[in-house]
2 protein chains.
Amino acid sequence: MLVEEGFQGFSMNRLAKVCGVSVATLYIYYADKDDLIKKIGVEIGKNFFCTMLKDFSPDMPFKEGLKKQWENRAKFALKYPNEVACYDIIRHSAHGDYILSESLKDFKTAMGSFFHNAVAKKELTPIGLEVFWSIAYGPLYTLLRFHKEGKSIGGSAFKFSKKTMEEAFELVIKALTP
Amino acid sequence: MLVEEGFQGFSMNRLAKVCGVSVATLYIYYADKDDLIKKIGVEIGKNFFCTMLKDFSPDMPFKEGLKKQWENRAKFALKYPNEVACYDIIRHSAHGDYILSESLKDFKTAMGSFFHNAVAKKELTPIGLEVFWSIAYGPLYTLLRFHKEGKSIGGSAFKFSKKTMEEAFELVIKALTP
DNA sequence: TATAAATAAGCGAACATTCACTTATTTTTG
DNA sequence: CAAAAATAAGTGAATGTTCGCTTATTTATA
């Protein structure tokens with residue numbers, strides 16, 4: 001409902017009707033509407049970041065590790081487009097901060113280590129953490145947004161593919177490695 | 001109101017009260033709530049993309065042209081944070097597609113020319129348009145999002161600066177130029 | 001030019017509907 | 001049969017929207 005109709009079309013009464021349960025039943029499992037939204041957001045976020053770290057270790061060689069993260073991220077986006085879209089909506093709502101801080105908890109430590117390891121091993125140009133992040137993931141996120149919207153800049157049709165991803169990935173590596 | 005309280009806290013009656021007019025007056029100028037939101041979104045979007053093209057020409061040398069776009073984009077984000085945040089909220093609502101297609105109309109032609117010119121002049125590695133866009137602007141957008149949220153990955157405080165922007169920009173140029 | 005007619009702009013109060021949430025009752029389960 | 005789970009049927013408050021009416025400005029008429 002959130003994805004298809006946005007926050008405006010999302011209400012407890014309508015949700016209950018669609019689910020085939022009474023409104024009151026919702027309030028057995030969730031304290032209130034905010035609680036429900038938060039819990040959905042956190043649940044998606046947990047899965048999201050858990051998937052991101054699959055077969056990944058902060059000790060991996062930089063290029064290999066980043067590639068794995070791109071693959072995991074892309075796989076999740078393609079497999080669960082609704083969940084991703086829903087997460088995006090909730091993150092852009094008033095609960096955004098809470099959701100993010102809650103779901104990033106485990107993820108951020110792993111990423112911090114990965115970054116510092118790579119710099120120490122001289123596999124990564126020493127730059128600010130934010131700049132690193134923006135170059136390393138910004139392009140991927142942009143491509144996935146194009147895919148979600150079904151079209152790229154200019155309105156022409158676009159579909160995310162392994163080939164597109166690898167083309168972008170090589171350029172990112174070119175930018176980040178000494 | 002949209003920025004400070006989100007879609008949930010935004011109603012026609014409250015808007016009218018804050019504006020110091022009657023609710024009925026709003027309906028003289030806007031057909032309904034959706035119409036009002038759309039028109040605000042399109043207005044911001046038009047300004048947004050107009051600013052992006054200030055002092056820019058598709059014939060400029062690639063590096064110079066891209067730098068100008070980065071500067072224009074960053075300047076707008078820092079000067080009108082509320083407008084940008086509002087635009088972001090509306091774009092993530094049910095009206096997102098309409099707003100985007102409406103405000104991108106003029107912008108996309110200029111960007112297409114810029115891209116093709118640069119490839120023809122061999123100032124830009126020949127790649128897919130979407131890959132180009134993702135590398136060229138993805139990092140900037142990511143940095144501006146960090147700035148808006150006031151913190152970067154991991155929760156540490158972050159403030160967008162010219163220095164940060166230039167560090168990222170040089171890496172993007174490194175990735176995109178032959 | 002003075003006055004009447006027409007139009008534009010705005011308003012408060014009300015409309016039906018929907019909202020998040022609750023209570024009192026019934027059904028299911030162990 | 002007792003506890004837990006689910007429900008139907010509400011609650012008042014808030015929602016988007018409209019109605020009948022007033023005030024201010026412009027245009028047309030005598």
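The figures here come from the full heavy-atom set of this structure, side chains too, leaving out hydrogens, waters and symmetry mates. Just so it is clear: chains get the letters A, B, ... in the order the sequence lines come, proteins before strands, and each one is counted from 1. Note that the coordinates shown come from a computational prediction; the quantities given were computed from them, not determined experimentally.
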Next item on the list: Starting at atom CD1 of B:I28, determine the distance to atom C1' of D:dA24, rounded to an integer number of angstrom.
Entry: 13 Å
Item checked: Charged N-O contact under 4.0 Å between A:E130 and B:K159 -> no
Margin query: Using a 4.0 Å heavy-atom cut-off, does A:V21 contact any base of the nucleic acid, only the sugar-phosphate backbone, or nothing at all?
Written below: sugar-phosphate
Margin query: Which label fits B:F49 and B:Y87: parallel for a plane angle under 30°, tilted from 30 to 60°, or perpendicular past 60°?
Written below: perpendicular
Note to self: Quiz question: going by heavy-atom distance under 3.5 Å, is there a donor-acceptor pair between the base of C:dG10 and the side chain of B:S22?
What the structure shows: no
Notebook entry, point to check: Once you round it to whole Å, what is the distance between P of D:dA14 and CZ of B:F10?
Noted result: 18 Å
Next item on the list: Let me know the distance between OH of A:Y29 and C1' of D:dA6, rounded to the nearest Å.
Entry: 8 Å
Next item on the list: Classify the ring geometry between B:F115 and B:F132 as parallel (under 30°), tilted (30 to 60°) or perpendicular (over 60°).
Entry: tilted
Next item on the list: Round to the nearest Å and state the distance from A:D34 atom CG to C:dC19 atom P.
Entry: 16 Å
Checklist line | Length of the line joining B:F7:CZ and C:dC19:P, which is rounded to integer Å | finding: 15 Å
Check: Toward the 5' end of DNA chain D, which comes first, B:K33 or A:V23, by nearest nucleotide?
Finding: A:V23
Next item on the list: Determine the contact category for A:S11: base if any of its heavy atoms lies under 4.0 Å from a base atom, sugar-phosphate if only primed atoms, P, OP1 or OP2 are that close, otherwise nothing.
Entry: sugar-phosphate
Notebook entry, point to check: Whole Å only: how far is the CE atom of A:M12 from the P atom of D:dT15?
Noted result: 18 Å
Check: Does A:Y30 have a side-chain nitrogen or oxygen under 4.0 Å from the phosphate oxygens OP1 or OP2 of C:dA20?
Finding: no
Checklist line | Atom-to-atom span, CG of B:L15 to C1' of D:dT15 - whole angstrom | finding: 14 Å
Check: Does C:dC11 have OP1 or OP2 sitting under 4.0 Å from an N or O in the side chain of B:T25?
Finding: yes
Margin query: Just N and O in the side chain of A:Y27: are any of them under 4.0 Å from OP1 or OP2 of D:dT7?
Written below: no
Next item on the list: Measure the distance from CD on B:Q8 to C1' on D:dT15 and round it to the nearest whole Å.
Entry: 14 Å
Notebook entry, point to check: Nearest nucleotide by nearest heavy atom, which residue falls closer to the 5' end of DNA chain D, B:G9 or A:G20?
Noted result: A:G20
Next item on the list: Could you check which of D:dA6, C:dG12, D:dA8 has an atom nearest any side-chain atom of B:A24?
Entry: C:dG12
Check: Just checking B:N13: base, sugar-phosphate only, or nothing, at a heavy-atom cut-off of under 4.0 Å?
Finding: base
Item checked: Separation between OG1 of A:T164 and CD1 of B:I127, rounded to the nearest 0.5 Å -> 11.0 Å
Note to self: Please verify the inter-ring angle class for A:Y137 with A:W133; under 30° counts as parallel, over 60° as perpendicular, anything in between as tilted.
What the structure shows: tilted
